[in-house]
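Worksheet: one structure, shown below.
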Amino acid sequence: MNVPDKKNGKGSLDVKMETRGVNVFYADNHAIKDVDLDILDRSVTALIGPSGCGKSTYLRALNRMNDTIYSARVEGRILLDGEDIYGSGVDPVEVRRRVGMVFQKSNPFPKSVFDNVAFGLQIGGEKDKDLIAERVEESLKGAALWDEVKDRLQASALGLSGGQQQRLCIARCLAVWPEVILMDEPASALDPIATAKIEELIRELREQYTIVIVTHSMQQAARVSDYTAFFYMGELIEYGATDGMFTRPARKRTEEYISGRFG
Amino acid sequence: MRTHTHQEFEAELRNLKDRLLAMGGRCEQMIGTAVSAFEDRDEALANEVLEADREMNEDERAVDDLAVRILALRQPVGRDLRFAVAAVKASTDLERIGDEAVNIAERAIEMTPADRLSPPGARLPEMAQRAGAMLREALNALVEEDPKKARDVFDQDDAVDEIYSEVLTMCLDYMKDPSNIGDGIRICNCAKYLERIADHATNIAEMVIFLVEGRDVRHGHA
């Protein structure tokens, strides 16, 4: 259950994040139940399931975003390159640099395009202006946004379109050299073309980064991911290579969900 | 399995299956009529088969249109996807069965008038009955989504192949009299058409296994 059937997968076969016996509670609510799941390096893993199934909660456990919720409690082990990210002495800010996150609604700072991307480096103490400028350009190129904004780097980020703002948030995430990128419905508020650009970008980023994406769109999961994990009522029901999950899922509940029979 | 949240989608899938089965029913009838035309040298019956084939061609187009529409608008996955793919493939097999029935009907018209069937010709009704039964069972397997019934169809194909080679051997003997060569060739051809019908029925049975189990068992793949 915890390791997907790799023979049909397209990505790398090395494990980047290993999660064992993960339980998440919000006060008395047992939101994630005993999840064992390996996330493979430089591949795209999609988390799917009906609303309230725990997929976003699980995603947020992967970079300690649940730490910021007072009532939340995470149990079990979540290893990044073999090291427990919840271990004592681990700096959650460093975890979130290595494991970046992109949200459903793009959330650029009310600053210039340039300053948005430079922000992480600057608060990390980087002073070298040339290095920062170089990294901003690399990151914007990496997020497939450079050509559209290179002539207006000093303009406000809030003047960009929705799709551009979302790619800016991805560039901001890339600027601090992450290894894993978590995406929580990154395209659900975008039109089809902007969605296609984000999806194309995800396929490109996968060459260098490990990506975990939560999506409500079955077609999107099918298009962008190498592996798919189906969550239902806090449990991991099925995990496997995406093409297998969408042509012949092993579990009846998975089949019923992906084919639109409930959820 | 539960029904779809989208009732319209559910209805489309049902409609696709119903049309496919109606096509199958028409095929069975065509095989029976074509062989009767052959047995009785009945040109009117042969013409019925030709007429039925025109409707069959329309059926094939209708099934494919519906399946393409489902693929485009519903983007089915899992079993629904396999069903849409299986429907397109099965419609091709059914249409070809119709074409083979037409071939038999055409040969029936060409046969020299005679009071009774020649020895090799007398083997064809049984062959037709067996091939028709295979088609019926493949369609039942599709209705009931029963892979066991589908596998039963595979076993029956061997018996049809045996009769086929038996008919060929008998024809060689029959054609030693040069006046029988024309009809002998027609009988050989009809046997070939029936053997192909059995193969198409086997293809449909293979699609039932793909639909239910998600496994491709064609060309000897277990």
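Lettering of chains follows the sequences in order, A, B, ..., and the numbering in each one begins at 1.
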### Task
Taking ring pair (Phe, Tyr, Trp, His ring centres under 6.0 Å) as the test, write out the residues that go with A/Y209, two or more places apart.
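Per chain and number, A/Y209 pairs via ring pair (Phe, Tyr, Trp, His ring centres under 6.0 Å) with no residue.
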#### Entry: All pairs passing salt bridge (Lys or Arg N to Asp or Glu O under 4.0 Å) where residues 180-200 of chain A contributes a residue, at least two apart
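Qualifying pairs: A/E199-A/R223.
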### Message
Under the salt bridge (Lys or Arg N to Asp or Glu O under 4.0 Å) definition, can you give me all pairs with a residue in residues 25-35 of chain B, not counting sequence neighbours?
### Response
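Qualifying pairs, neighbours excluded: B/R26-B/E55, B/R26-B/D59, B/E28-B/R136.
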### Task
With rounding to the nearest 0.5 Å, note down the distance linking CD in B/E206 to CZ in B/R215.
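Answer for the CD-CZ pair, B/E206 versus B/R215, is 12.0 Å.
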### Task
For the pair A/Y58 and A/F231, name the ring-plane relationship: parallel under 30°, tilted 30 to 60°, perpendicular over 60°.
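A/Y58 and A/F231: tilted rings.
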### Task
Under 4.5 Å, heavy atom to heavy atom: which of residues 70-83 of chain B reach chain A? Give them by number, or say none.
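Near chain A, by residue number: B/Q75, B/V77, B/G78, B/R79, B/D80, B/L81, B/R82.
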### Query
What about A/Y239 and A/F230, are their ring centers closer than 6.0 Å?
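Between A/F230 and A/Y239, which both carry aromatic rings, the centre distance is not below 6.0 Å.
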